Each structure stands twice: as C-alpha cells, then as structure tokens.
Amino acid sequence: MSLSLQVQVQVQVIGASPVLRRRRHEMEMETQRCSSMAHLKQLHSRAIRLGLSSDNDAMGRLIKFCAVSEHGDLSYALQLFDQMPQPDAFIYNTIMRGLCRKSHFPMDCLLFYLRMLRRSVSPNRFTFPSVIGACCLANAVEEGRQVHAHVLKFGFGEDGFCQNSLIHMYVGCGALDDARKVFDGMPAPDVVSWTTLIAGYSRCGSVDEAFRLFESMPEGERSSVSWNAMIASYVQSNRFHEAFALFQRMRDEKVELDKYLAASMLSACTGLGALNQGKWIHRYIDESGIELDSKLATTIIDMYCKCGCLEKAYQVFKELPRKDKGISSWNCMIGGLAMHGKGKAAIELFEEMHGQRVAPDNITFVNLLSACAHSGLVEEGRHYFRRMTEAHGIEPRKEHYGCMVDLLGRAGMFEEAKEIVGNMPISPDAGVLGALLGACKIHRNVDLGEEIGESVIELEPNNSGRYVVLANLYANAGRWEDVAKVRKLMNDRGVKKAPGFSIIEFDGVVSEFIAGGRTHPESKELYAKVDEILERIRGFGYVPDVDGVLHDLEEEEKENPLYYHSEKLAIAFGLLKTKPGETIRISKNLRVCKDCHNASKLVSKVFEREIIVRDRNRFHHFRMGECSCQDYW
DNA sequence: CTAGGGTTAG
C-alpha cells in the first residue's frame, strides 16, 4: 500500500500536472497550424500568458518553427533561446539545425555545439547530423574529424544517420578515403549511404569507381535517387551514351521517372543533340504530371535550344507562367537565340525582359553580347556593353570582354578590339586573346596573330585548339616552316588534337561518326552515298577547299581526306535514312570547317533538305543553299 | 500519459 502511494506522489512531483499538460497540448495544436512569424508572435504571447515562457516543451515548439520552417525567422529563434533558463537537448538541436540550414556562417552551429557541451547538456543522436553538416558546409574537415571522435565517444558510432552524415561530410570535403572508411565500417549501409558515396566518387571524377559501387549495391536496394546519382554522374562527365544505356536498364527494371531523372536525361539529350529522345522525355513530363518547376522548364528550354529546335524552346518559354520565369529561363532563351544567330530576336527578348522588370545579371549580358557577336551587330553590341555598367551596374568580367573582342574582331575592327583588351582591369585570359586570335585567322591578320599566338598557347598549353588556329593562320599566309614549328611544339608536348566527330539521331538510336571511320555497319553504303553527294553538288559548282586539305589540322584528323569528314558522313547517313523533305539534324564537337560548310549549303539546295548543324560554338541552319550564319562564324 | 527532431540525388 505504501509503495503504491509513493509512486502516486512521485508522479505528482515530477510529472506534469493535468493543467500543465492541457496547456502544453493546446500550444502543440496551435503551433502545428502556425504559418507565419506574425502568427508565431501571437502564440509566443499566449505561451507567456499561460505561464509557459520557460517551458521547454512549449517553447521548444515555437523555437522549432522559427529556426527550421520555411517562413521562420532564425534570429527570433535565437532571441527565444536566450530567454530559456534550462534549454534541453531538443532545443539546442533545433537551433543548430537552423544555424546549419539558414545561417551564412555554418560554423556558428559548431560554436553552439560547444556551448551545449559547456552547459553540460548531453548531445544525443539528433545532435550530430547538424554539427557534421555544418563542418561539411564550412569545408572544415579537421573540425569534422573531431566531431567524428565525439560521435564515437558519446556512443553514436552505430547510428545510421550519424554515419551517413559523416560520409556526406567527408565526401563534401573531398576526403573520399575517410568517407569510404565510415562506409566500410557499417554493418548494413542503407540506400542513403550507398548513394552518398556514389555521388562522392562521381563529384571527384571517379565515375568508374562510382559505377563499381553502384553495381555492388544489393538487389532491390537502389532507389530512383541512386539511379539518378549514377546517371547524372555519366552526364556530368559527358558520357552520354552510358547515361542512355543505364537509363534503359532502369526503365527495364520498371523504375519510374521523377523530375530529377527527367532533368538528368534531358541534359544527356542536350549533350548529344538527341532531339527525339528529348521530346520523349518532355512528353513524359507532361503526361505523368511531374511538376514542371522553373528549373525543369529551363532544362527543357535548354534542350530544345541546343537540339536545334528554337520554336519548341520558345513555346515552352512562352507557356511558362510569368511567376515561374526566373532569371535563368530568360537567360537560357536569350542564349538560345544567340546560338542560332537570331541577334535581333535576342535583343527584343532582352527588352521584353527589361519591360517586365526582371533584372538582368551578368549571364544575361554574356548571352546578349554573344548574340550580337554571332549576328555581327557591332553597334548594338557596343550599346549594350556600355549599358551593362552604366544602367545596370554590372562590372564586365572576362567573358564580356571576350564577347566584345569576338564581335569587333570578327568585324575586322582590330584597333577597337585591341583597345578593349588594353582597357581590361584584369590581365586578359586565353578566352579573350583566343577570340582575338580567331579574328586574326579569319581576316588573315598575320602580324597581330603572330604577336599574340604564343601567349594564347602558353596560357593554355594543353588546349590543342589554340595550336591549331595559329598553325592555320601561318598556313594561310604560306609560312610553312612556322606551321611545322607549331606542330612540332604540339607534338613535343604530347598535346593531342580532339578527334572530330558528328552525331545524328535516327529512330531512337544515336550514331556517331568520325572522319574516315569505317566501324559503322553500313559504312560501305555510307561512303558510296558521300561519293554520290559530292558528284551531284559538283554539278552545282562545288569545289573542294584544297586550301584546307593540304594543311588540314583544322577540324578533323589530317590523314583523312576532307571528303570523308565526319560531318559529310553524318549528312550521307541522314539522306539515306530519313524521308525526303525531313530536316537533318547533326551535332558535332568541333567547329564546322569551311569545306563542309560549303558542301552543306549546296546539299541543302540540291537535295532540297534543311540541314541543322550544331558545332561547338553555334548553330548553322542550311536551307536553299544559304546558311543562317551568313558565312559569319 | 516526456514527446518533439536528423542524412542523399538535378
């Protein structure tokens, strides 16, 4: 009897009274529905009236709203915290989570952790993910290691969340070996552990190691997140074919697409110029009800722009509600018009953006100026370059100078281009000088080209393109001994020219051609078709550009005759496979060479085909014997 | 009815 009495007494002393319980419950219900700071402040005063201003339960909920919810105010959370006489671990954890997520100084979170320890509040398993996350954000691997020691010391070394956070932190700090050690020490890593490490290997460029890990995941363990981590890894390293293969496998395993996977695959389509595959993903998004947020819409717009379908890009852009037209979707559309040589339209869109009071950023101007450069709009380019600083307060960066030098140089205005370079507050980089060198090549300005050629090469000694332009400049001037010198320098340094290739998509299959390559199953027919094409366009005045053959270091492997440049193989393939009147779309990794450009124009006339070629710089729309670039590229 | 709260991919 006395025993049961004692128990009753104890409950009364340390348990909450019914009144207190009721009040706490009331606060809990109210806080759940809280949606704004104004509302929260009412709840705060209510808590004070109810005598709960020092109550960890009630105040903890209020602090949680301020610290971590979307509409919360972190500084208010800190004020509330300071008024708490004995904040418990929950409140410390909540504040630390807020500091980690919202503060610009993630190390504040670590300082808070130390404060917690000094006040003898024991950390629990919820404490460490935030603290470790803060170390990750601050790139503080040494502090991270110390926190790791605390995790073990306080006995949470077996907690999955803590371990995953540690893996994430080591990955984020680039300490892959340490991440791997934590992972290897887990008896049963979960899907997050696997995915985090896969993404980690991918981020530091070890795509193949990421794939090995992906393959060794236990059956049924892969989530759509894991698939996406691996697919995105291929996409980011430009290994688009492998991305497609993995995507196919994923579809075979009946994994549904989500918006992340859709975005990754759209980028893969963009990389290859695979318009039809891209259209398929776009349709899938529409039909499956995947939420079309601003980012995903921009990814779709980018895909259409870079797959040569400006109309569809503009359609998606136009249909995007005004509130979802973020700066990047405007930039993307302006950049798309620029690539396609629609300088005037790019300017109009920029003015429309201005009219809608969307503030341009530096990328907007890179795209706008490059639109002017690709269309030869010198006057407009000068105008917007000035307005960028004067009206929009944006200081020109290297890229902007590069666009201006490109614009003026192409137009042959070397004095003004040199003046731009001279006025740069920073020393010109390879991009800016490279633009000038390119202009020298077009206008056969050997003197200036010679003057800057060497510095362009030395700024980027591993970029084969720089050697090639200079060699071509000399070749055009007939200075063969200088050509040989540049080639020798390139050889001595072991710099390899990127082999040129052209890609064409047909019937859901992406085919890749390299100059003179014979690996394609139908290469016999293909080469016969090329010969037929050349024969027919000769009748319309085609003369091979011998100027380019003799010293053709320019676009494709020099040992291959220009008749079989990859672009011509791709055109032949397109003519063989597609129906009369259908547009042929080709993507290539290098610039279009002069001879292929001529040939493509004639093919478009003789075979009555529109040919759209994406090169590494821009688009060429060949139609009725003309090119959209007006031979200005 | 002393709970409430943590990690990953574009």
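Reminder, nothing fancy here: chain letters follow the sequence lines and each chain counts from 1. What you see is a predicted model; the values in this text were computed from it and never measured.
- In the set dA3(B), dT2(B), dA9(B), dA3(B) carries the atom at the smallest distance from any side-chain atom of D88(A).
- If you take CZ of R61(A) and C1' of dT2(B), they are 10 Å apart, rounded to a whole angstrom.
- No contact: K295(A) has no heavy atom under 4.0 Å from any strand.
- The interatomic distance linking M96(A) (CE) with dT7(B) (C1') rounds to 15 Å, in whole Å.
- For R251(A), the CZ atom counts as densely surrounded, since its 6.0 Å shell holds more than 12 non-hydrogen atoms of other residues, nucleotides or ligands.
- D190(A) comes within contact range of no nucleotide atom at all, as no heavy-atom separation falls under 4.0 Å.
- By the 6.0 Å contact criterion, NZ on K102(A) is enclosed, its count of non-hydrogen atoms from other residues, nucleotides or ligands being greater than 12.
- Taking the side chain of T195(A) as heavy atoms from C-beta on, and the options dG10(B), dC1(B), dT8(B), the nearest nucleotide is dT8(B).
- Looking at heavy-atom distances under 4.0 Å, D293(A) makes no contact with the nucleic acid at all.
- Between F128(A) and F154(A), the ring planes are tilted. Angles from 30° to 60° get that label.
- Applying the ring pair (Phe, Tyr, Trp, His ring centres under 6.0 Å) test to residues at least two apart or on different chains, the pairs with a partner in residues 240-280 of chain A are W280(A)-Y284(A).
- Contact between the side-chain N/O atoms of K64(A) and the OP1/OP2 oxygens of dG5(B) is found at a separation under 4.0 Å.
- Here dT7(B) presents its P atom at 12 Å from CG of N93(A), a figure rounded to the nearest Å.
- A donor N or O paired with an acceptor N or O is not found under 3.5 Å between the base of dG4(B) and the side-chain atoms of N56(A).
- The side chain of F161(A) approaches dG6(B) more closely than any other nucleotide in the set dG6(B), dT2(B), dA3(B).
- Separation of the C1' atoms belonging to dG4(B) and dT8(B) is 24 Å when rounded to the nearest angstrom.
- Dashed line: the shortest gap from a side-chain N or O of H168(A) to OP1 or OP2 of dT7(B) is not under 4.0 Å.
- Using a 4.0 Å heavy-atom criterion, one finds that T196(A) contacts the sugar-phosphate atoms exclusively.
- The side chain of F90(A) lies closest to dG4(B) when the candidates are dG4(B), dG6(B), dA3(B).
- A straight line from CD1 of I281(A) to C1' of dG10(B) spans 13 Å, rounded to a whole angstrom.
- Side-chain atoms of D159(A) come within donor-acceptor range of the base of dG6(B), with a qualifying N/O pair under 3.5 Å.
- Here dG10(B) is the nucleotide among dG10(B), dT8(B), dG6(B) with the atom lying nearest to any side-chain atom of K259(A).
- If you check residues 110-136 of chain A against DNA chain B, the residues with a heavy atom closer than 4.0 Å are N124(A), R125(A), F126(A), P129(A), listed by number.
- Under the side-chain hydrogen bond (donor to acceptor under 3.5 Å, both in side chains) test applied with N331(A), the options N362(A), T364(A), D302(A), T298(A) reduce to a single match, T364(A).
- dG5(B) and dA9(B) have their C1' atoms separated by 23 Å, with the value rounded to a whole Å.
- The CE atom of M169(A) sits 13 Å away from the P atom of dT8(B) (whole-angstrom rounding).
- The separation between F183(A) atom CZ and dT8(B) atom C1' is 13 Å, rounded to whole Å.
- In this structure, CZ of R23(A) is placed 16 Å from P of dC1(B), rounded to the nearest angstrom.
- Using a 4.0 Å heavy-atom criterion, one finds that D55(A) contacts no nucleic acid atom at all.
- Look at R97(A) and you'll find a side-chain N or O under 4.0 angstrom from OP1 or OP2 of dG6(B).
- The distance from atom CG of D258(A) to atom C1' of dT8(B) is 13 Å, rounded to the nearest whole Å.
- The side-chain heavy atoms of Y201(A) and D208(A), taken from C-beta on, include no pair separated by under 4.5 Å.
- Applying the ring pair (Phe, Tyr, Trp, His ring centres under 6.0 Å) definition to pairs two or more places apart or across chains, those involving residues 312-335 of chain A are F317(A)-W330(A).
- Around CD of Q86(A), the count of heavy atoms belonging to other residues, nucleotides or ligands within 6.0 Å does not exceed 12.
- More than 12 heavy atoms of other residues, nucleotides or ligands lie within 6.0 Å of CZ in R249(A), so this atom counts as buried by the packing criterion.
- Under 4.0 angstrom from either OP1 or OP2 of dG4(B) there lies no side-chain N or O belonging to Q32(A).
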